[in-house]
Amino acid sequence: MSSFLWAQDNRVPLFVFGLTTGVALTATVQYLLSSFTPPRQSEAESLLSASNHALTARKQVETATQRLEREFTISTSMLHNMVKAFIRDMERGLKRDNAVMKMIPSYVVRRPSGDEDGTYLALDLGGSNFRVCEVTLKGKGQVRTRQKKFVVSEELKTGTAVALFDFFADCVGQTMDEYHLDKNASLKMGFTFSFPVDQHALNKGTLFYWTKGFTASGVVGVDAVKLLQDAFKRKKLRINVTALVNDTVGTLISHAYVDTATYMGVILGTGTNAAYVERIESIPKWTGPKPESGEMVINMEWGAWGQDGIILPTTEYDAAVDRASPNPKKQSYEKMISGLYLGEITRYVLIDLISTGQLFAGRRCQALEAEHSFDTANMSRIERDHSMELTDTKSIFEDLYAVRQTTLSDRRLIKRVCELVGTRAARLAAIGVASVVTKTNKLAGCTVAVDGSVFEHYPHFANRMRDALRELLGINADGIVLAQARDGSGQGAALIAALADVGEEDI
Ligand code: BGC
């Protein structure tokens, strides 16, 4: 660039001189110019051009940041409007079966007293991880859990029902061997199956549709307990599956075992969803017997909220994530909040910023181009990077993503993108919590048990949620305790199996 400028600057005066005073003079001037002037001008020019360049880059970053801030920020008034719409959609789901938010009666009609006891098995399929647990309830809110974790491969997630459920049965058999459990004892099991299930009884329910990247054939529309029970039969395991439970319901129930003020269970992990305790008369679509407790836990399946395209402030990046997902136009709220998608939204933003030259000076980053190549865990690292030079962010992009060189302004822009995407997710999650506590009149105070990697590990997520709750509920927000729950879903399934043992007549 600078040499091009030099050529231009030299050429004009030389041309004028050549015409007026002749070749000799021109040659002399040319000599003088070439021997003295260029080096000094070159320094000045390159300094000027470098500073121009820096200025332009800063301007570009500013423009990009402002645009993204506009697109990703959810203002207080938007929060209020969305809570109104959310409550309206909850009510629709409680009235009829085919609403956007399914609001599924879980058949769990009691919260534990803390006195339940006995040994139960639990099987917990949440997303990529699958756990087999042995849960010993000792009464007085005390529990002992031993568990083994397994990874569900992509092949199994996208294969067949038989392969998937045989794998579960094998894992159970292996765990029972390891824990020396009697395979003839006919143990009772709670099955946490964290997908939208049309529940027909406490231990019966058919999958509406898969979420979180699962597509295994032969499961949608089929009773998940039957699939599991058949696999146990094939593997000669005498286990009786007495409860089919969503992870949100499990989290709520296991937390209620230790904190009776718990009215809501929320998962903010690979996927997102919530369950809460509803009065039976507020569930017009419930036609079963009225439980003694007068209440029923509802599995909201809130991840589907907004998939009718009306209310969520989606960006072009959300649309791209949705289009490329195995379930387009489904789970819109989940796709803006949960761990499976936050990294992907960010990746689309970064790719766009590269293509407009606002990031990495427009140099392609091939490692970022494959779908799901930017994990949400990277966002956590970047948001946790408080160093002056953003050195960890530098090492993520230069070491993991092979970007030849990043500038500080590149890294600042990336960090801002992560903040925007992460903050929006937390504020959206707060909408769901605020809606439930408002609708159920729990503003005087209650405990919300929250589990999942995003809530637990994503920096500032919980605080950002609390900030949004304060904007929405004012001083009442202080009574809403967002309690970190861990691994509650398996334990909750065992507890629900125990509750079923005590009061089958209720269900
Ligand atoms: C599923 C829910 C589940 C949530 C959290 C969603 O994708 O539809 O059933 O509770 O993920 O695991």
Side-chain angles (χ1 to χ4, degrees), residues 89-90 93 99-108 122-131 149 152 157 190-199 205-216 219-221 224-225 243-255 264-276 297-307 321-322 325-342 344 376 425 428-429 432-433 436 448-458 461 485-493 496:
D89 285 342
M90 283 173 72
V100 170
M101 238 193 294
K102 295 220 170 304
M103 307 297 284
I104 304 161
S106 67
Y107 288 75
V108 175
L123 207 152
D124 183 0
L125 174 67
S128 304
N129 287 323
F130 164 71
R131 279 181 284 219
K149 217 176 193 177
V152 186
K157 283 188 199 170
F191 178 22
T192 309
F193 185 61
S194 306
F195 298 93
V197 159
D198 189 7
Q199 196 106 20
T206 53
L207 179 66
F208 277 118
Y209 49 81
W210 280 118
T211 58
K212 296 179 283 197
F214 279 70
T215 56
V219 189
V220 173
V225 172
L244 175 66
V245 177
N246 187 262
D247 51 356
T248 55
V249 180
T251 299
L252 161 55
I253 294 298
S254 73
H255 210 264
M264 190 174 180
V266 176
I267 301 289
L268 292 162
T270 309
T272 185
N273 186 17
Y276 73 102
V297 175
I298 296 290
N299 165 19
M300 302 175 71
E301 286 300 332
W302 81 10
W305 189 52
Q307 70 189 22
V321 169
D322 182 55
S325 71
N327 55 347
K329 300 221 184 312
K330 288 251 177 343
Q331 301 292 99
S332 305
Y333 188 53
E334 173 165 273
K335 284 174 181 160
M336 295 170 89
I337 293 181
S338 75
L340 186 58
Y341 306 102
L342 295 184
E344 191 62 354
T376 304
L428 284 170
V433 174
V436 172
V448 178
V450 194
D451 200 352
S453 51
V454 170
F455 186 76
E456 187 173 356
H457 301 301
Y458 195 101
F461 201 90
R486 275 191 199 92
D487 294 347
S489 49
Q491 191 174 300
I496 292 165

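Atoms within a ligand are numbered from 1 in the order they appear, just like the ligands themselves.
With Val448 as reference, Val266 is the one residue of Leu252, Val266, Val436 to meet the side-chain contact (heavy atoms from CB on, under 4.5 Å) rule.
Not a single donor-acceptor pair under 3.5 Å links the side chain of Thr192 to the backbone N or O of Asn246. In this structure a side-chain-to-backbone donor-acceptor pair under 3.5 Å is missing from Ser489 to Thr251. In this structure, Lys102 contributes its side chain and Ala304 its backbone to no donor-acceptor pair below 3.5 Å. Judged purely by atom type and a 3.5 angstrom limit, Gln331 has no side-chain atom pairing as donor or acceptor with the backbone of Lys212.
Here the closest heavy-atom approach between residue Tyr209 and residue Val220 is recorded as CA-CG2, 4.1 Å.
In this structure, ligand 1 sits under 4.0 Å from heavy atoms belonging to Ser194, Phe195, Pro196, Thr211, Lys212, Asn246, Asp247, Thr248, Ile267, Gly271, Thr272, Asn273, Glu301, Gln331, Glu334.
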